[in-house]
Amino acid sequence: MIWQQFQGLIGSYPLALRGLGMTVALSLISLVLGTLIGFALGIVRTGSNQLISRVIGAWVDLIRGTPFLVQIFLIFFILPELGIELDAFTAGIIALSNLAACFICEIVAAGIRAVPNGQVEAALASGLSRRQRIQQVVLPQAMRMSLPPLVGQYVLLIKDSSVVSAIGLTDLTRVGWLVVQRVPNGLLVFAIVGVGYFIVCYPLILLARKLERRMGTAHGEVQL
Amino acid sequence: MIEFRGVNKWFGALHVLKDITLSIEPREVVVICGPSGSGKSTLIRCVNGLETTKDGDLIVDGQRVGDPATNMTDLRAEIGFVFQSFNLYPHKTALENVTLAPIHVRKIARSTAEAAGRELLARVGLADKFNAYPSELSGGQQQRVAIARCLCMRPKIMLFDEPTSALDPEMISEVLDVMVSVAEEGMTMMVVTHEMGFARKVAQRVVFMDAGGIVESGTPEDFFSHPKTDRSRAFLSKILRH
């Protein structure tokens with residue numbers, strides 16, 4: 001019987017590849033978008049405009065304080081009510097990018113706040129404009145501090161992408177559900193699904209660890 | 001060059017600058033001293049707008065500081081500021097620290113800025129440290145890079161906020177030597193320091209502050225030999241005893 005199950009699994013490999021491809025595509029697009037938006041939000045969040053900063057803070061809290069599954073349903077079922085037609089893939093991208101942007105916003109903002117005030121004063125005193133101060137002095141130092149937690153966050157977000165199977169996207173997790181109907185061995189099927197996620201995430205985990213180690217020996221220590 | 005007319009400043013309820021009136025001429029070197037908490041750092045930080053003033057006028061290089069019509073970014077480019085804690089950019093080499101503002105603010109070609117930067121670093125005795133990061137330099141070396149960083153902008157005014165207070169004793173003179181050479185070239189300088197040897201050597205005037213106000217000002221000779229007030233006598237007896 002085990003042998004038959006293995007044959008069934010092997011027969012399912014095109015579907016599994018499709019699921020893996022969907023998970024990777026969804027994660028990749030969302031992480032790129034989320035990183036870009038998250039950086040912009042993080043910079044604005046630490047800027048001088050209190051009102052905008054508060055609005056972003058409230059949005060980030062809201063997203064961080066509600067389950068991702070609920071967010072995905074809201075986007076997938078409510079936006080069409082408002083006349084915005086969207087397919088499951090677009091809805092997944094929007095939900096995951098938004099989630100990524102919110103977490104990355106906080107990571108970037110924390111990095112920016114950790115740059116000593118004297119650095120900003122030195123840049124200010126030498127006549128650098130706000131844009132130049134951010135680009136040349138603040139962000140490079142904030143990045144050094146933000147990079148390891150950022151990569152760690154990527155891993156969490158890739159795993160969160162499994163929730164999009166709930167709106168019918170054929171990602172790795174949904175492939176698991178489909179295959180299990182053909183091959184009635186949940187343990188085996190989902191162990192393989194787990195391995196699929198691990199293969200995508202493990203290089204990032206290694207990268208995060210390497211960055212963290214490199215940070216310790218970098219020239220980034222603050223001199224007082 | 002720098003003119004305070006009846007300047008006041010409060011931190012909340014604390015009156016940190018009291019009715020400051022002080023005029024500094026081009027090429028003049030003025031040393032500001034006084035006990036800690038007397039407002040001397042606040043005073044010098046007002047000149048390039050790192051602190052804002054409450055009332056009174058502060059005119060620097062013909063422009064009113066804090067006036068919406070004054071472009072503070074442009075004004076700051078003309079004023080070098082040396083911090084007590086150096087504040088070098090830790091992610092940039094010594095040469096990159098020195099050339100950053102000339103390249104981005106003055107829009108000088110990178111090669112020209114680097115040539116000027118190398119020359120200035122050599123002048124402050126760091127010809128072998130162009131590519132060193134701040135974390136690889138001693139405090140005295142870092143402060144000399146910080147001075148070169150200001151000089152590379154060819155400023156009209158240099159402000160020094162306790163530049164040697166964070167340094168080990170054996171490194172103080174290497175920084176003071178550089179400051180003396182800058183003063184001797186005719187730079188307009190405002191220096192918050194307790195280094196009385198430096199004051200005697202290059203300052204035209206010593207201003208003594210206490211509790212947010214200017215108590216006394218005069219030539220270094222007068223101030224050190226014949227302090228006029230009890231407060232300045234008490235201060236001098238404390239710092240000169242050692």
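Residue numbers start from 1 in every chain, and the chains themselves are labelled A, B, ... in the order their sequence lines are given, proteins ahead of strands.
Atom NZ in A:K210 sits 13.0 Å away from atom CG in A:L204 (nearest 0.5 Å). Rounded to the nearest 0.5 Å, atoms CE (B:M153) and CZ (B:R106) are 4.0 Å apart.
We find that B:K129 and B:E136 are not joined by a salt bridge, their nearest charged nitrogen and carboxylate oxygen being 4.0 Å or further apart. Taking a cutoff of 4.0 Å between a charged side-chain nitrogen and a carboxylate oxygen, B:R27 and B:E184 do not qualify as a salt bridge.
Interface residue B:Y89: backbone and side-chain heavy atoms are both found under 4.5 Å from chain A. Of the atoms belonging to B:R45, it is side-chain heavy atoms, and not backbone ones, that fall under 4.5 Å from chain A. Proximity to chain A is limited to the backbone of B:I79, based on heavy atoms less than 4.5 angstrom apart.
A heavy-atom distance below 4.5 Å is found between the side chains of A:F39 and A:L150. No side-chain heavy atom of B:P90 sits under 4.5 Å from any side-chain heavy atom of A:R144. Contact of the B:V65 side chain with the B:V47 side chain is not registered, since no non-hydrogen atoms from C-beta on lie closer than 4.5 Å.
Residues of residues 125-133 of chain A that come within less than 4.5 angstrom of chain B, heavy atom to heavy atom, are A:A125, A:S126, A:G127, A:L128, A:S129, A:Q132 in numerical order.
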A:Y154 and A:T35: CA distance, side-chain angles, deciding distance, side-chain contact (heavy atoms from CB on, under 4.5 Å) verdict | CA-CA 10 Å; A:Y154 286 168; A:T35 303; 2.7 Å; yes

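Interface check for chain A: of the options B:L88, B:V82, B:L75, B:D74, the most heavy-atom pairs under 4.5 Å are formed by B:L88.
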